[in-house]
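Chain letters run A, B, ... following the sequence lines, proteins first and then strands; every chain starts at 1.
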Amino acid sequence: MKTKNATSKKLKPPGFRVNKTLAKKYTDEPLFKEKTEQANQILKTFGIPKM
Amino acid sequence: MLNECYPVEVSPDFRIFEFISLGIKGSITKVVLYSETDVNGFYNLGFGDKDPTTGFLSDLVVTNNGDSKKVLTTVAATIYLFTGRHKGATVIAQGSTHTRTRLYRTGISNNLAFIEKEFVVYGLFGAMWELFRKNVDYTAFLVRRKL
């Protein structure tokens with residue numbers, strides 16, 4: 001049975017590192033709020049495809 | 001394809017990614033953020049450059065650092081990681097300008113066979129979503145990992 005560490009390491013290819021300081025770093029960034037609103041408009045206007 | 005990307009730092013929830021582009025203009029911090037939209041399970045892919053002076057992010061600046069392919073590959077790699085952690089998530093992406101959207105389209109087209117092994121890709125053409133086809137001027141994209 002794989003340990004939790006071994007399993008979680010599999011999710012990250014070489015060169016990727018978890019950084020806890022990033023958790024809240026950009027969530028209030030105006031750019032991303034604006035882009036999310038644009039995405040909401042697209043989804044509201046055009047819906048979603050049948051998947 | 002995914003071997004040619006920058007080292008990336010990721011938040012514990014795999015929604016925020018930060019990497020540094022190295023090129024002819026020096027080092028530029030780039031950020032990818034997946035934020036949930038009003039539609040459950042649909043996340044917007046936001047991507048921007050960090051201004052070294054102000055610290056603010058912008059998706060309109062043209063850095064011309066000579067590494068656009070590597071940057072795009074790195075962004076693509078974040079989609080792998082995000083959808084690997086957030087099972088069933090659908091990612092919506094659109095460029096800040098028509099030129100950027102076309103750049104994304106070109107990136108998808110050039111790697112379509114590889115991408116379609118693990119993802120379903122839709123493009124928004126006019127008012128309709130359709131399965132991605134090459135040489136179509138889409139305005140936005142939806143990407144979902146195959147189960």
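Heavy-atom contacts from other residues, nucleotides or ligands closer than 6.0 Å to NZ of B:Lys146 number more than 12. Atom OH of B:Tyr6 is surrounded by more than 12 heavy atoms from other residues, nucleotides or ligands within 6.0 Å.
In this structure, the portion of B:Ala140 lying under 4.5 Å from any heavy atom of chain A is its side chain and not its backbone. Neither the backbone nor the side chain of B:Asp13 comes within contact range of chain A; no heavy atoms are under 4.5 Å apart. Looking at A:Glu34, there are no atoms closer than 4.5 Å to chain B (heavy atoms on both sides), in backbone or side chain. Both the backbone and the side chain of B:Leu57 come within contact range of chain A, judged by heavy atoms closer than 4.5 Å. Heavy atoms of B:Ser58 lying under 4.5 Å from chain A belong exclusively to its backbone. For A:Lys33, no part sits under 4.5 Å from any heavy atom of chain B, backbone or side chain. There is no contact between B:Val120 and chain A, counting heavy-atom distances below 4.5 Å. Neither the backbone nor the side chain of B:Leu45 comes within contact range of chain A; no heavy atoms are under 4.5 Å apart. In this structure, the portion of B:Glu36 lying under 4.5 Å from any heavy atom of chain A is its backbone and not its side chain.
By number of non-hydrogen pairs under 4.5 angstrom with chain B, the leading residue of A:Glu37, A:Lys24, A:Lys44, A:Lys20 is A:Lys20. In terms of heavy-atom pairs under 4.5 angstrom with chain B, the leader among A:Thr21, A:Thr45, A:Thr36 is A:Thr36. For chain A, the option among B:Phe42, B:Phe19, B:Phe17 with the highest count of heavy-atom pairs below 4.5 Å is B:Phe42. Contact count against chain A (heavy-atom pairs under 4.5 Å) is highest for B:Val8 among B:Val39, B:Val8, B:Leu142. Most heavy-atom pairs under 4.5 Å with chain A, from the set B:Glu9, B:Met128, B:Glu130: that is B:Glu9.
Following chains of ILVMFWY side-chain contacts shorter than 4.5 Å, one cannot reach B:Leu33 starting from B:Phe56, and the two form parts of different hydrophobic clusters.
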| request: Could you walk me through whether B:Ser96 and A:Lys35 pass the side chain to side chain contact (heavy atoms under 4.5 Å, CB included) test, one step at a time? | output: CA-CA 8 Å; B:Ser96 52; A:Lys35 297 293 286 186; 3.9 Å; yes
| Worked verdict on A:Ile42 versus B:Trp129 for side chain to side chain contact (heavy atoms under 4.5 Å, CB included) | CA-CA 11 Å; A:Ile42 288 175; B:Trp129 291 104; 3.8 Å; yes
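Shown are A:Leu43, A:Asn40, A:Ile48; of these, the side chain to side chain contact (heavy atoms under 4.5 Å, CB included) with B:Ile92 is made only by A:Leu43.
How far CG of A:Asn19 is from CD1 of B:Ile16: 10.0 Å, rounded to the nearest 0.5 Å. From B:Asn44, atom CG reaches atom CZ of A:Phe32 across 9.0 Å, with rounding to the nearest 0.5 Å.
A 4.5 Å side-chain heavy-atom check between B:Ser11 and A:Lys25 finds every atom pair outside the cut-off.
Residues B:Gly126 and A:Phe46 share a closest heavy-atom pair of O-CE2, 3.8 Å.
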